[in-house]
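Below: one structure, written as structure tokens.
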There are 2 protein chains.
Amino acid sequence: MRIGDAAAAAGTTPRALRFYEERGLLPPPARSASGQREYGPAEVARVRAIRQLLAVGLTVDDLVSRVHRLDLLSEDPPRRCTDAPGPETFAPVIEARLTALDTEIARLTALRERLARHAATGGANVPGEV
Amino acid sequence: MRIGDAAAAAGTTPRALRFYEERGLLPPPARSASGQREYGPAEVARVRAIRQLLAVGLTVDDLVSRVHRLDLLSEDPPRRCTDAPGPETFAPVIEARLTALDTEIARLTALRERLARHAATGGANVPGEV
DNA sequence: CTTGACCCTGACGCACGGGTCAGGGGTTAG
DNA sequence: CTAACCCCTGACCCGTGCGTCAGGGTCAAG
């Protein structure tokens, strides 16, 4: 499978695949004699796993730090009783991400409050920063 | 007053003042013979107004679109019964900003939910997008 | 006069996940 | 053989509000 089909199979674009590879999320794939990337079902599954984790709010760097666990997620039967703790390995980054999200949500909510008050009062004074 | 003092008086930096000027939020100030910017109390007040609006969540572009109303806000006695509707003039952008904030908050909240579920279930499947 | 603090313009950096050329080569059906 | 489509690498673009050099003039005090 060449990059276009692999990307389509994983629900993304060739550019994204090259990007993941460049960032170290995908191992350098096999190349055809003329230098074109060749992908198999395993890499497509891995890309799916990457996309799920990204969609859920993790960043590329989060994944890079745990890249060695990505394979565990790409396998169809989630046999997570082998020896590795399975997806829980992502717990630390997920925790951190949750905290960051909470902080950001709180910040935006406070901002929203202030903006609403600002609109209501006519915008004279806002407490101020430092 | 030169730029450093003006910036300090407004609670910001020289770079920010040049930036506002470049973006059209501040009119080009008077210059000394040697080309240095000269500011008076009026511009400092205007910068304060700009900073308040930014702090409240509006963007520079929001302000640019209503730049002609900034002067009204910079005056000390909020005489908003002259002829212009006063700060309410910012209502449209504030509305838009509130909507944008709500959307963003909702997005992050949903993300947080998904991430939390992902962590709880062990990260097997996330519904997916298109 | 010299020093140190301030000012000038112009231009790149940042965080994020790719999008979008540009210029050149591979591949395959008709 | 050729059109039409795919792939390659390298490099710039987006949005936000400035921060931070770089290289060079200006100003006030000692």
Side-chain angles (χ1 to χ4, degrees), chain A residues 1-26 28-39 43 47 49-65 67 93 96-97 100-101 103-104 107-108 111 129-130, chain B residues 1-26 28-39 43 47 49-65 67 93 96-97 100-101 103-104 107-108 111 129-130:
Chain A
M1 212 179 352
R2 291 185 303 177
I3 199 170
D5 293 336
T12 183
T13 66
R15 175 68 174 103
L17 265 59
R18 296 193 195 102
F19 178 68
Y20 299 150
E21 181 183 336
E22 175 190 323
R23 291 306 195 79
L25 289 184
L26 285 179
R31 299 281 188 140
S32 76
S34 59
Q36 311 211 102
R37 290 174 179 81
E38 269 300 325
Y39 296 92
E43 4 269 310
V47 172
I50 292 171
R51 300 228 96 211
Q52 282 185 5
L53 291 166
L54 288 180
V56 115
L58 299 186
T59 69
V60 168
D61 284 346
D62 286 340
L63 302 191
V64 167
S65 71
V67 69
V93 288
R97 202 62 198 160
L101 278 175
T103 303
E104 184 66 5
R107 197 180 66 84
L108 292 184
L111 207 56
E129 57 282 50
V130 184
Chain B
M1 210 176 353
R2 291 185 303 175
I3 199 171
D5 294 336
T12 184
T13 66
R15 177 67 176 103
L17 264 59
R18 295 193 195 102
F19 177 69
Y20 298 150
E21 181 183 337
E22 174 190 322
R23 290 308 194 78
L25 289 184
L26 285 178
R31 300 280 188 139
S32 75
S34 61
Q36 311 210 100
R37 290 174 178 81
E38 270 300 325
Y39 296 92
E43 7 268 309
V47 172
I50 292 172
R51 300 230 93 211
Q52 282 186 4
L53 291 166
L54 289 180
V56 116
L58 298 187
T59 69
V60 168
D61 284 347
D62 286 340
L63 302 191
V64 167
S65 71
V67 68
V93 288
R97 201 62 200 161
L101 278 176
T103 302
E104 184 67 2
R107 196 179 67 83
L108 291 184
L111 207 58
E129 56 279 51
V130 185

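Given the structure is predicted, the values throughout are model-derived calculations rather than measurements.
Side chain of Arg51(A) to main chain of Ala10(A): no donor-acceptor pair is present (N/O by atom type, distance under 3.5 Å, no hydrogens or angles). Listed for the Arg23(A) side chain is no donor-acceptor partner under 3.5 Å among the backbone atoms of Val60(A). Without hydrogens or angle criteria, Glu38(A) side chain to Arg31(A) main chain gives no donor-acceptor distance under 3.5 Å.
The distance from atom OH of Tyr20(B) to atom P of dG17(D) is 9 Å, rounded to the nearest whole Å. Following rounding to the nearest Å, Arg97(B) (CZ) and dT16(D) (C1') show an atom-to-atom distance of 10 Å. Taking atom CG on Leu26(A) and atom P on dG17(C), their separation rounds to 15 Å, with Å as the unit. The CG-P distance, from Asp61(A) to dA15(C), rounds to 9 Å in whole Å. Note: CZ (Arg31(A)) to P (dC7(D)) measures 12 Å, nearest angstrom. For Glu38(A) and dC7(D), the CD to P distance is 10 Å, given to the nearest whole Å. Here the P atom of nucleotide dC7(D) and the CG atom of Leu17(A) are 10 Å apart, to the nearest Å. For the pair Leu58(A) CG and dA15(C) C1', the interatomic distance rounds to 17 Å; values are reported in whole Å.
Nearest to the side chain of Val60(A), among dG17(D), dG17(C), dC8(D), sits dG17(C).
Contact of the Val93(B) side chain with the Leu53(B) side chain is not registered, since no non-hydrogen atoms from C-beta on lie closer than 4.5 Å. With a 4.5 Å cut-off on side-chain heavy atoms, Leu63(B) and Tyr20(B) do not count as touching. Counting heavy atoms from C-beta outward, Leu17(B) and Tyr39(B) have side chains that approach closer than 4.5 Å.
Between Asp5(B) and Phe19(A), the one whose closest nucleotide on DNA chain C sits nearer the 5' end is Asp5(B).
Overall, the helix from dC1(C)-dG30(D) to dG30(C)-dC1(D) carries an axis bend of 30° between its ends, with five pairs at each end and the value rounded to 10°.
Taking CE from Met1(B) and CD from Glu43(B), the interatomic distance works out to 8.0 Å, rounded to the nearest 0.5 Å. The distance from the CG atom of Leu54(A) to the OG1 atom of Thr12(A) is 9.5 Å, given to the nearest 0.5 Å.
Taking 4.0 Å as the cut-off between side-chain N and carboxylate O, Arg107(B) and Glu104(B) count as a salt-bridged pair.
Among the atoms of the strands shown, only primed sugar atoms or phosphate atoms (P, OP1, OP2) are found under 4.0 Å from some heavy atom of Arg37(A). Residue Arg18(A) is in base contact, counting any heavy-atom pair closer than 4.0 Å across all strands shown.
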Review point. Which letters describe nucleotides 19-27 of chain D, given B = protein heavy atom under 4.0 Å from base, S = only from sugar-phosphate, - = neither?
Key: BB-----SS
